[in-house]
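What follows is a set of notes on a single structure, which appears directly below.
Reminder, nothing fancy here: chain letters follow the sequence lines and each chain counts from 1. Computed over heavy atoms, backbone and side chain alike; hydrogens, waters and symmetry mates excluded.
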There are 2 protein chains.
Amino acid sequence: MKISDKRNDVMQAALELIADQGFHGAPMAEIAEKAGVATGTIYRYFENKEVLIRELHRELEEKISATLREGYPVERPLRERFLYLIRELLRYFITNPLHFRYMEQYFNSPYGISMHRDRLLGKSGNHDILMDIFELGIQQQVLKELPKAVLFPLAFGPLIILMRDHILGFVILDDPLIKQITEACWDTIKR
Amino acid sequence: MKISDKRNDVMQAALELIADQGFHGAPMAEIAEKAGVATGTIYRYFENKEVLIRELHRELEEKISATLREGYPVERPLRERFLYLIRELLRYFITNPLHFRYMEQYFNSPYGISMHRDRLLGKSGNHDILMDIFELGIQQQVLKELPKAVLFPLAFGPLIILMRDHILGFVILDDPLIKQITEACWDTIKR
DNA sequence: CATTAATGAGTGAACGTTCATTCTTATGTG
DNA sequence: CACATAAGAATGAACGTTCACTCATTAATG
């Protein structure tokens, strides 16, 4: 058993518990039990609960960012690049609903607020890509002349509710529907 | 002092605390202190914390619903009715940021999930209005031919992030901007 | 055998809720 | 009107529970 095995087990257990019970539905004791370790063991790997939570967030963001960059069509027209981002983000979360639920919990908590500031300042990984699209789009008069801080909510706001509804089973996001949705998102911001 | 004075004080205190600290940042003792009553007094008016929380939600929803219905232009074209709804909702929340924060907390909690089901089934007050718009719009081929459960997120999803950013001071939603935003929301769903 | 890892009972703080008691207001009586 | 009595409202200390975190002890490792 490698040194990081238990660390991973703890993170996985925390992810699952927090994703579907929230931070307060995930006591350290329960995380430990689910991970098959003792409570105290968690504190070998994470200074405290907050560190565990932030670390988990960091790791998920990393994964998502990597996925979006993977096949990103840098050379294609703006619209295509934009559609790609939205489509792949939706697909990622459909494949990894726990990740979505976790990010949602995180975002909607005291932890999330500082991150939020970063996002708008374009610090985070794949938001540079997005901000480039917005900037170029406005320059080339392809997009509406709106602040980037408005374009982002317009384009990505729907995805949050859609994902939630998908996970709850109110909608089923299959490929044809995803195609229509991504195009609708484009319509929101295109001139 | 009327019988309902303390009840109101408690609700107001709970609203303020919960809106900016979340449910877990609002212990009954603190709510009581802020309301200027003893802890035990709360339990004269509310069976327990959950009842208080739900009651608060009910009351806010009532107010919002009333506001949206107030000047609703029933006789005007679809587009105009739709723009009205979005614009007034934004305005309401800009005027009452605590209400927005509270509803967000509520929505993003175990309590919120049952409500969510109601919303999609069209039980809640002003959603009948909205569903009518969607239904008519599809019939008249004004709107995209998408499930109502998709039209709703597309049209209203942006508002949540926009409101959050507005409250955090990242955007300032003034009237010209609101006009552009509501029209962008319409562009998302119009054919 | 020395060092590191893992354990889980224990600790104290925080929380929602209760309830014996006190204070306030309303009602009855002469 | 003065006073006694009853009813209702308000109080806050106390209770039981939950939780994050600690630490003395045990197990594993090389």
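- The CG-C1' distance, from D5(B) to dA10(D), rounds to 14 Å in whole Å.
- Residue pairs meeting the side-chain hydrogen bond (donor to acceptor under 3.5 Å, both in side chains) criterion with at least one partner in residues 82-91 of chain A, sequence neighbours excluded, are E88(A)-R91(A).
- In this entry the distance linking NE2 of H24(B) with P of dT18(D) reads 15 Å, nearest Å.
- Here dT18(C) presents its C1' atom at 13 Å from CG of N48(B), a figure rounded to the nearest Å.
- Applying ring pair (Phe, Tyr, Trp, His ring centres under 6.0 Å) to H57(B) and the options Y102(B), F23(B), Y106(B) leaves one that passes, Y106(B).
- Using a cutoff of 4.0 Å between basic side-chain nitrogens and carboxylate oxygens, K144(B) and E183(A) are not scored as salt-bridged.
- The phosphate of dA6(C) has OP1 or OP2 within less than 4.0 Å of a side-chain N or O from Y45(A).
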Sort me out a list of protein N/O and nucleotides 19-26 of chain C N/O pairs below 3.5 Å, or just none if empty.
none

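- In this structure, M28(B) atom CE and dT11(D) atom P are separated by 14 Å, rounded to whole Å.
- Residues Q139(B) and E135(B) bring no donor and acceptor atom of their side chains to less than 3.5 Å of each other.
- Set against dT7(C), dG16(C), dA20(D), the side chain of K49(B) has dG16(C) as its closest nucleotide.
- Heavy-atom neighbours of R76(B) CZ from other residues, nucleotides or ligands within 6.0 Å: at or below the threshold of 12.
- The distance from atom CZ of F46(B) to atom P of dA9(D) is 15 Å, rounded to the nearest whole Å.
- As a whole-Å value, the separation of R44(A) CZ from dA5(C) C1' is 5 Å.
- The interatomic distance linking Q21(A) (CD) with dC19(D) (C1') rounds to 15 Å, in whole Å.
- Between D187(A) and K190(A), at least one side-chain N (NZ, or NE/NH1/NH2) sits under 4.0 Å from a carboxylate O, which counts as a salt bridge.
- Screening L85(B), L68(B), V74(B) against I129(B) for a side-chain contact (heavy atoms from CB on, under 4.5 Å) leaves a single residue, L85(B).
- In this entry the distance linking CD of E33(A) with P of dC19(D) reads 13 Å, nearest Å.
- Listed candidates were dG12(D), dC19(D), dG16(C). Nearest to the side chain of P27(A) is dC19(D).
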